[in-house]
Amino acid sequence: MSDKPNSELSTVYNAREIENEIYKFWEENDCFKADSSSKKEPYSIVIPPPNVTGVLHMGHALDGTLQDILIRYNRMQDKEVLWMPGCDHAGIATQNVIEKNLHKKGLSRFDLGREKFLETTWQWANEHKNRILEQFKLLGASFDLSRKRFTLDEGCSNAVKKVFVDLYNKGLIYKGSYIVNWCPRCQSAISDVETNYETEPGHLWEISYALKDQMGAIVIATTRPETMFGDVAIAVNPNDYKYKDLIGKTCVMPLTGRNIPIIADEYVDKSFGTGALKITPAHDPNDFEVGLRHNLAQIKVIDEKGCMMQNEYVPPQIQGLTREEARKKTVKMLEEHQVLVRVSEHTHNVGKCQRCNTTIEPLLSKQWFVKMKPLAKPAIEAVKNGSIKFIPQRWEKNYLMWMENIRDWCISRQLWWGHQIPAYYHNKTGEMVVALENPDPNNYTQESDVLDTWFSSGLWPFETMGWPNINNPDYQKFYPTTTLVTGFDIIFFWVARMITMGLEFTKKPPFSTVYIHGLIRDEFGQKMSKSKGNTIDPVDLIEKYGCDALRFTLTYLCTYGGQDIKISDEKFEFGRNFANKIWNASRFVLMNISKDKIFDSVDTTNLSIADKWILNELNETIKSVNENIKNYRIGEIASILYEFFWSKYCDWYVELSKIEKNEQVLVYILAQYLKLLHPIMPHITEAIWQKMPVKKEKKGILFENYPKYLEKFEFNSDAKKMETVFETIKALRNLRAEFNIPLASKIDIIIDKDENLYSQIIPYLKRLAKVNSIKFEKDSSIKKSACCTVSDTKITVPLEDIIDLKQEIIRQQKKMDKLLGELNSLNQRLNNEKFIKSAPFDVVEKTKNKKQELEAEIKIIKNTITKLS
RNA sequence: GGGCGUUUAGCUCAGUUGGUAGAGCGCCUCCCUUACAAGGAGGAUGUCGGGAGUUCGAGCCUCUCAACGCCCACCA
């Protein structure tokens, strides 16, 4: 592209063409590369690594835009910034994709075997892992791709192994048989946070268990009769008088005839169901606990596929059936045996696999766990003492509640795609060694389970910086990172685990601020999902409206409270229109300034009130943008910048410049503005910047220093004067509209003030209100005229031919009524002694001033009406 | 059961320590004024979910009720 200053911008703003060109320019100049040897203050963000299987979605677009804004803003603060990109191997998600592909060919992963399967998956992952980061480029992401990482790459794998071995050696990782959430489809254990509960209609079956050696029976209630074959006891509450005498007795299970004891346990709720509960430790987490307390056996009757096992405990007719079939059959058999006492409708919560929505089977199995309580302690402390701050703060409560009630984390997965657990078993003795390497590959076999994906993502902020080599320059310079930007949906999955792991292994919080934004939803507030078919593809939006338009719109919609964001395609017209406005205004400025001149300063000795006004406005804008970004009020910034450019610079200053212009100021404001906007709309600002006739010492606008508030441009009183001019122009335009006077016919006006008060603004009035002549007379005698007021100034417009005096009286009367209403409410306040006494001085003053203004205005209108009548 | 959020113009939403309500879109009138019709000028529209309280003053603070949404827990 031509970076020759002062060359014209193209007539039509073609967003995509410009954006591609500009991104290429940054890439070719290596603009995003972080320098770990820099002396500048560091600022770093690690990207929430998108799934390697993924394609860019609106969530990434928002998350990426916000990160890029922070990165670009801080780069312009002259900090050494690093935005670390990368992907997550996404264990279950990726494996599901590959298995689905195999399934189409009629194959399962077992047909291929582990080695071949992994080979296929790696190949697939390598083909795809660049895709999503390439798509991030379309967002204008200024991340350092030379540092790109993958959670399964060598460095991350080493970090994972080290963490695992260390935690094991510290006694914080253990292996054991526990009830876990088992997904029969994924064929793996999953963690508690990967289990979603859905309310489903079901039944409560009451089944009678006969007492042994005596008359009578005990009736239990269950929602899952098929698990009864794994029963090892009936439990009742020790304080339940109904059952007092039965405790310690034995009963006979229906259908199988096995004998089980009746035990007492506080866990049983007397008021639910029949007050008697069957205990199935191998298939229910609560029963599992009860079983441990009472030393009961654990009888497994459902297998890993969710089918009834073929063992002595399950009746032959039931063996091999699926859970669902088994339930029906069991109920039928119970009916036949006349032990089904009652069936009632009962809605209850059923666990579902987050990945595939299959109903979870609580299953007893051998798994690896991380002991979380000791790790959680410092993680709680770090948030409580403020070394990690959540924005908005309310998420801290959420985080703390979860952390304070944390349970052990099941980290083993019966998958193949992932970090294989570094535990090795002796082929003969079964002896287990946990170590970084296999002690003897001939005699030891590695644990087949892999780790939960979030185990490696939990190390992301430091494993990407070269840890465990703490001398790595990146680690030295950029760790701990500064800000983490993410949605609230992964606070538990990811944020919490990074904090615990970061504190445990680096003794530092991995970031100081967690900026949580809302989720993107469709126009009806529904979560976007492929299966619902309500997704909007950000790539399509970029093609249609441009990247900057997408970024600006999303930013504008991103409010401080972190509310979810409802979007629809048309909403992005907002950003597109704005980009177009910026382009055209800039084009106008570049076309209307002296050629071949460099504007590098503003001469403050020769400024009009309009110049002072806009400089003052810019100053205010700079101040509030800087304040707001520090407080993560990023949406606010978008709206401030929109307002300044459109309603101040374009609507007024650029218009005024058509009458009388100060090229220095015209260019200066635009140049400063481009910098202010650059973090949000990087491409268009860079493109225009390249053509700006200003001094450029840096490689691009992205390296320019972000504008700062300048006291020399404080012009409050002049700015106020200018506001009066605007009020006057607006009043005249308004009058025109009301009398239907076309702009083509110019008007004469009479102002009841001294001429020298207005000398500066006469040209503005002439041009912007299409005024022909201006007279200055205290008391105009023209009767056939309309008038408008600006505070205590009366402007008379003779309208010989047009005016209907009766109508005009009505119009003025209406105005006066409105003003009288306002005056009335002001008087009420001012007549209230308590108001005068307790309200702050400036509020009282303001009210008094307002009152005087109103009174003056009312007086003028009153006189006018008298004159007209 | 516990926690959180939302309720403001027809729609989508802002509204920072309490000072008397705003934007975009849509709607109505006029205008192709040589940066922009993806534009310009003007206009209409709100008992700020209901009720009570604190205060001179409440969209904002307190209590309460209601509706919707989310998260955690998981009584078979």
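Here is how names work: the chains are called A, B, and so on, in the same order as the sequence lines, proteins then strands, and each is numbered from 1.
- Among B:C56, B:G15, B:A41, the nucleotide with an atom closest to any side-chain atom of A:Phe835 is B:C56.
- Atom name C1', nucleotides B:U47 and B:U20: the rounded distance is 14 Å, in whole Å.
- Look at the P atom in both B:G3 and B:A73: the space between them is 15 Å, to the nearest Å.
- B:C31 sits 33 Å from B:U12 when the P atoms are compared, rounded to a whole Å.
- Considering only side-chain N and O atoms, A:Thr223 lies nowhere under 4.0 angstrom from the phosphate OP1 or OP2 of B:A76.
- Of all nucleotides listed (B:G39, B:A14, B:U12), B:U12 comes nearest to the side chain of A:Lys571.
- Residue A:Arg829 places no side-chain N or O under 4.0 Å from the OP1 or OP2 atom of B:U55.
- Side chain A:Glu643 to base B:A14: no donor-acceptor pair is found below 3.5 Å.
- OP1 or OP2 of B:C13 has at least one side-chain nitrogen or oxygen of A:Lys566 nearer than 4.0 Å.
- On the C1' atoms, B:U45 is 30 Å away from B:A52, given to the nearest whole Å.
- The side chain of A:Lys846 places no N or O atom within less than 4.0 Å of a non-bridging phosphate oxygen (OP1 or OP2) of B:G19.
- In this structure, A:Tyr556 has its ring center closer than 6.0 angstrom to the ring center of A:Phe574.
- Residue A:Lys837 places no side-chain atom within donor-acceptor reach of the base of B:C56, judged by atom type and a 3.5 Å distance cut-off alone.
- Annotation: B:A9 and B:G18 have their C1' atoms spaced 23 Å apart (nearest Å).
- Between the side chains of A:Lys851 and A:Asn827, a donor-acceptor pair is found at a separation under 3.5 Å.
- For A:Asn349 against B:C74, a side-chain N or O and a base N or O form a donor-acceptor pair under 3.5 Å.
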